[in-house]
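Every value quoted in this text rests on a predicted model; they were computed, and no experiment measured them. As the structure lists them, so they are numbered: ligands from 1, and atoms in each ligand from 1.
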Amino acid sequence: MRRYSRITGTGSYLPPRRLTNADLVAELGQRGIETSDEWIVERTGIRARHFAAPDVACSDLGLEAARHALQAADLQPTDIDLIIVATSTPDMVFPSTACILQNKLGANGCPAFDVQAVCSGFVYALTVADAMIQSGAASRALVVGSEVFSRILDFNDRTTCVLFGDGAGAVVLEASDTPGILSSDLHADGKHVGILCVPGNVSGGQVLGDPVLKMDGQAVFKLAVGVLEKAAHAVLAKAGLAEADIDWLIPHQANIRIMQSTARKLKLPMDKVVVTVDQHGNTSAASIPLALDHGVRTGQVQKGQTLLLEGVGGGFTWGAVLLKL
Ligand code: UT7
């Protein structure tokens with residue numbers, strides 16, 4: 001009998017400090033940076049985001065999300081035999097945030113590692129966990145997307161600092177006789193490294209280069225709308241399904257205009273798209289599991305439905321996962 005993987009629990013966590021556009025506009029105004037609620041809403045759909053307190057790390061946000069996902073799956077931390085954390089804002093250069101999270105959770109002993117694919121990180125991590133479960137290397141995986149992007153923003157750059165937020169989402173993925181994850185499709189094209197990056201690095205005991213986020217928004221936008229459609233059609237073809245079989249599109253939450261464009265291309269009405277970008281901003285690798293958990297906990301997304309998860313981000317990376325919940 002074929003071995004599949006299936007999501008048995010979801011969880012998420014947002015740090016308590018919430019900034020509306022008005023709050024951020026006022027803070028930026030004190031630095032002499034001009035922006036407005038109108039510009040942010042019209043160009044991105046974002047109305048608010050959450051920022052973690054200075055003493056809160058990526059692993060702390062991931063830990064809360066993981067606990068909620070374990071509770072939903074009715075499992076204990078010691079039941080988990082694989083931990084993958086997708087993040088671009090790790091606690092340390094090394095060890096991985098997954099190891100730090102594992103220890104905080106009390107799941108010591110199982111393999112734990114990070115996946116770095118920026119905003120596509122969660123679909124990458126889910127695909128790796130699925131492959132490890134299918135192969136028999138793991139049976140109960142915890143897959144987490146967690147980010148503290150507020151730490152890598154340049155608050156003097158209005159073209160980027162209004163876009164991002166902090167948060168975490170998690171799923172428990174278990175071995176199953178029935179699918180589960182139906183298909184996935186991952187890609188990267190390293191020639192676009194420069195359009196979305198944090199170019200700094202640690203060397204000789206110092207930070208070299210610029211350790212804040214740089215983005216050519218228009219270039220990212222154009223690439224994103226093209227590749228997301230291709231990845232969606234690729235996972236549908238691999239699973240032998242059609243656009244009309246999708247119950248929910250749960251895309252990376254970067255910009256409502258990108259999400260509307262993808263929905264249009266897949267002939268899906270917007271009421272089949274889980275949207276959290278308005279309240280969370282862009283939380284990079286955390287955005288898809290945050291949106292998934294939001295959908296599940298509000299009762300919109302239900303067991304047995306077919307979900308299309310899609311990510312796109314720095315690298316340039318992109319990918320999709322089609323699954324039955
Ligand atoms: O998570 C990874 C994936 N990331 C993405 O998917 C992001 C993709 N890109 C985008 O979402 C959009 O390109 C942005 C939201 C980043 C920008 O929207 P846009 O419609 O492409 O705006 P733009 O960059 O063309 O800028 C338009 C104008 C410019 O002024 P001029 O040159 O027309 O006078 C900017 O200087 O808006 C100005 N502007 C702002 N004005 C007020 C840029 N940022 C701001 C701001 N407030 N915060």
Side-chain angles (χ1 to χ4, degrees), residues 19-49 86-89 116-124 145-150 152-167 169 187-189 192-198 212-229 231 250-263 265 273 275-278 280-291 309-320:
L19 280 93
T20 62
N21 287 348
D23 297 331
L24 192 59
V25 168
E27 278 195 16
L28 294 174
Q30 284 171 6
R31 294 167 172 263
I33 305 296
E34 259 184 59
T35 183
S36 66
D37 174 52
E38 294 73 30
W39 190 93
I40 302 169
V41 172
E42 191 189 307
R43 303 288 177 134
T44 71
I46 298 167
R47 294 178 186 276
R49 75 285 294 141
T87 189
S88 301
T89 47
Q116 161 58 291
V118 202
C119 304
S120 312
F122 188 75
V123 278
Y124 265 67
S146 185
E147 301 282 14
V148 280
F149 255 57
S150 60
I152 54 166
L153 296 177
D154 175 357
F155 285 96
N156 292 313
D157 176 7
R158 69 175 184 172
T159 68
T160 53
C161 72
V162 300
L163 305 174
F164 295 89
D166 302 339
H187 298 273
D189 186 348
H192 301 296
V193 163
I195 63 170
L196 178 48
C197 59
V198 177
V212 287
L213 186 145
K214 311 275 177 200
M215 178 167 75
D216 177 345
Q218 285 194 4
V220 173
F221 194 105
K222 275 186 207 138
L223 275 171
V225 291
V227 298
L228 287 172
E229 183 194 5
I250 308 184
H252 170 48
Q253 310 279 320
N255 188 319
I256 192 71
R257 293 187 289 139
I258 297 177
M259 293 155 71
Q260 287 163 340
S261 155
T262 307
K265 288 179 176 169
V273 184
V275 176
T276 52
V277 69
D278 55 333
H280 302 171
N282 181 346
T283 58
S284 192
S287 93
I288 294 172
L290 261 165
L309 278 42
E310 282 205 306
V312 60
F316 204 69
T317 56
W318 67 97

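Smallest separation of non-hydrogen atoms from His252 and Val312: CD2-O, 3.4 Å. Contact between His192 and Phe316 at its shortest, heavy atoms only, is CB-CB, 3.7 Å. Thr276 and Ala291 get closest at one heavy-atom pair: OG1-CB, 3.7 Å. Considering every non-hydrogen atom in both Met259 and Val277, the closest pair reads SD-CG1, 4.2 Å.
The closest protein non-hydrogen atom to atom 3 (C) of ligand 1 is Val220 CG1, 3.6 Å. Gln218 NE2, 2.4 Å is the protein heavy atom nearest to atom 25 (O) of ligand 1. Distance from atom 16 (C) of ligand 1 to its nearest protein heavy atom, with residue and atom name: Leu163 CD1, 3.8 Å. Remark: minimum distance from atom 27 (C) of ligand 1 to any protein heavy atom is reached at Arg43 NH1, 3.5 Å. For atom 11 (O) of ligand 1, the nearest non-hydrogen atom of the protein is Asn255 ND2, 2.7 Å. Residue, atom and distance of the protein heavy atom nearest to atom 18 (O) of ligand 1 are Arg257 NH2, 3.5 Å. The nearest heavy-atom contact from the protein to atom 2 (C) of ligand 1 is Cys119 SG, 3.3 Å.
Both the backbone and the side chain of Thr159 come within 4.0 Å of ligand 1, judged by heavy-atom distances. With a heavy-atom cut-off of 4.0 Å, Val162 touches ligand 1 through its side chain alone. Contacts of Ala224 with ligand 1, taken as heavy-atom pairs under 4.0 Å, are absent altogether. With a heavy-atom cut-off of 4.0 Å, Ile258 touches ligand 1 through its side chain alone.
Checked by atom type and distance alone, the side chain of Asn21 pairs as donor or acceptor with a backbone atom of Ile46 at under 3.5 Å. In this structure, the side chain of Tyr124 does not engage the main chain of Trp318 through any donor-acceptor pair within 3.5 Å. Distance alone, capped at 3.5 Å, is enough to place a donor-acceptor pair between the Glu147 side chain and the Ala285 backbone. Distance alone, capped at 3.5 Å, places no donor-acceptor pair between the Thr283 side chain and the Gly167 backbone. Thr317 contributes a side-chain N or O that, together with a main-chain N or O of Ala117, makes up a donor-acceptor pair within less than 3.5 Å. In this structure a side-chain-to-backbone donor-acceptor pair under 3.5 Å is missing from Arg49 to Asn282. Side chain of Gln253 to main chain of Pro251: a donor-acceptor pair is present (N/O by atom type, distance under 3.5 Å, no hydrogens or angles).
Of the listed residues (Val41, Val275, Val273), just one forms a side chain to side chain contact (heavy atoms under 4.5 Å, CB included) with Ile256, and that residue is Val275.
To the nearest 0.5 angstrom, Ile33 atom CD1 is 8.0 Å from Asp157 atom CG. For the atom pair CG (Leu196) and NZ (Lys214), the distance works out to 12.0 Å, reported to the nearest 0.5 Å.
Nearest to atom 17 (C) of ligand 1 by heavy-atom distance, out of Phe164, Trp39, Phe221, is Trp39. Comparing Thr44, Thr317, Leu213, Val312 by heavy-atom distance to atom 15 (C) of ligand 1, the nearest is Thr44. Atom 8 (C) of ligand 1 has its nearest heavy-atom neighbour, among Ala254, Gly45, Ser284, Gly217, in Gly217.
When distances from atom 41 (N) of ligand 1 to the protein are checked, a heavy atom turns up under 4.0 Å. Contact annotation for atom 48 (N) of ligand 1: protein present (non-hydrogen atoms, distance under 4.0 Å). Using a 4.0 Å threshold on non-hydrogen atoms, atom 29 (C) of ligand 1 does not count as touching the protein. Per-atom contact check: atom 23 (P) of ligand 1 touches the protein, criterion being a heavy-atom distance below 4.0 Å. Less than 4.0 angstrom separates atom 33 (O) of ligand 1 from none of the non-hydrogen atoms of the protein.
Here is the list of ligand 1 atoms found below 4.0 Å of a heavy atom in Asn282: 1 (O), 2 (C). Taking every non-hydrogen atom of His252 and a distance limit under 4.0 Å, the qualifying atoms of ligand 1 come out as 1 (O), 2 (C). Atoms of ligand 1 found under 4.0 Å from any heavy atom of Leu196, numbered from 1 in the order shown, are 2 (C).
Not close to ligand 1: Ile40, with no non-hydrogen atom less than 4.0 angstrom away.
Distances between N or O atoms of Arg158 and those of ligand 1 include at least one value under 3.5 Å.
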